[in-house]
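Note that the structure is predicted; figures quoted are calculated from it, not measured. Every heavy atom of this structure was used, including side-chain atoms; hydrogens, water molecules and symmetry mates were not. To find a chain, count down the sequence lines: A is the first, B the second, and so on, and within it residues start at 1.
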Amino acid sequence: MSEEMDMDEGGTVKKFMFVNRKAPYGTIYALEGLEVVLISAAFDQDVSLAFLDDGVYELVKGQNTKAVEMKNFSSTYRALEGYDIEKLYVERESLEVRGLNEDDLLVDVQVLSAAEMGEMMAAQDVVISF
Amino acid sequence: MALEVNGKTYETDEEGFLLNLNEWNEDVAKALAQGENIDMTENHWEVINFLRDYYNEYQIAPAVRVLTKAIGKKLGPEKGNSKYLYDLFPFGPGKQACKIAGLPKPTGCI
Amino acid sequence: MLHIINKSPFENNSLASCLRVAGAAKDHAILFIEDGVYGATQGTAVEKSVRDAMANMAVYALNPDLEARGVQGRVMNGVKLVDYDGFVDLVAEHDNVQSWL
């Protein structure tokens with residue numbers, strides 16, 4: 001089945017933004033958010049992800065959860081491209097105050113200023129927070 | 001639920017998915033396939049091994065659409081299409097192949 | 001766009017992040033609810049940042065939550081009070097909503 005067919009059957013495409021603001025392992029938010037994002041891909045919508053505050057820690061390279069015996073879901077962010085989810089926005093200020101930059105992240109992202117992030121958010125049809 | 005293979009017991013969930021994917025081996029896969037009425041051919045193994053590699057890399061079982069596209073990329077368009085995969089796994093490559101591969105049910109499987 | 005804040009500004013950074021992202025832009029509004037309503041009161045360490053934001057955006061607080069916490073008399077000038085019906089109206093009036101959990 002071609003993607004074009006899916007679009008025709010699916011009707012209106014809306015802009016969905018998933019906002020991630022929590023670090024990965026201390027709470028379940030980040031993992032739950034990622035699962036919702038993966039499920040959302042089945043609906044052929046215009047999906048983007050925003051990472052702010054401690055949410056930027058979800059994307060830090062070199063996570064190894066072996067000793068804490070939790071699932072290392074950081075590799076799953078690299079699967080998003082295969083799900084046609086390619087709009088990943090990271091707020092610059094959130095990176096800076098944590099001593100991070102784009103090279104510390106395990107996927108390609110677009111770094112935005114706080115104001116640009118605000119505009120991006122306002123342009124969505126639906127914003128869902130984790 | 002549980003599955004017995006070569007005298008060893010493997011725990012599964014209520015739908016027959018292996019609970020501990022580290023316990024998987026080819027004999028377990030064959031037993032799981034038997035439960036699905038599937039005779040494993042080389043083409044089946046190719047998809048199963050692809051799924052296991054995908055899981056190792058991304059820590060998820062891919063949605064069918066994603067699996068189809070990724071197989072097409074790696075094994076060519078004659079294999080990267082729904083018909084080919086559904087011929088191999090009539091009840092859905094996502095669900096059936098993932099089960100035989102010892103993976104959890106695909107995220108985004110609706 | 002409507003931004004909803006439901007956490008005390010002294011407990012986490014939701015208000016600070018919201019103001020950073022939305023504070024300078026037009027067409028954004030903030031609604032304080034639950035423990036977030038402390039952010040709408042006078043004499044706090046965050047009062048100035050909320051006042052600065054009020055230059056650009058409308059700021060609302062949910063009156064039942066202010067009353068429950070005994071701070072209805074401490075609300076900053078310029079903050080508009082709403083009841084539950086007003087809350088629903090705000091959500092309906094705006095194109096989209098971000099809840100800063």
**Report entry** Interface moiety of C:Asp95 toward chain A, non-hydrogen atoms closer than 4.5 Å
**Finding:** backbone

Query raised in the report: Side chain, backbone, both or neither: which part of C:His94 has a heavy atom under 4.5 Å from chain A?
Result: neither

Between [X] and chain C, which part of the residue has a heavy atom less than 4.5 Å away: side chain, backbone, both or neither?
X	result
A:Glu116	neither
A:Phe130	backbone
A:Ala122	both

Requested in this report: Can you label the angle between the A:Phe16 ring and the A:Phe18 ring as parallel, tilted or perpendicular, going by 30° and 60°?
Outcome: parallel

**Report entry** Within 6.0 angstrom of C:Asp27 CG, more than 12 heavy atoms from elsewhere
**Finding:**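 For C:Asp27, atom CG is not crowded (no more than 12 foreign heavy atoms under 6.0 Å).
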
Query raised in the report: Taking A:Gln124, A:Met121, A:Lys22 one by one, which has the highest count of heavy-atom pairs under 4.5 Å against chain C?
Result: A:Met121

**Report entry** Approximate separation, where rounding is to 0.5 Å, of C:Phe32 CZ and C:Thr41 OG1
**Finding:** 9.0 Å

Requested in this report: Carefully, step by step, assess A:Gln45 and A:Ser40 under the rule side-chain hydrogen bond (donor to acceptor under 3.5 Å, both in side chains).
Outcome: CA-CA 7 Å; A:Gln45 300 296 305; A:Ser40 79; over 6 Å; no

Query raised in the report: Tell me, do C:Val37 and C:Asp35 make a side-chain contact under 4.5 Å, heavy atoms counted?
Result: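 Not in contact.
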
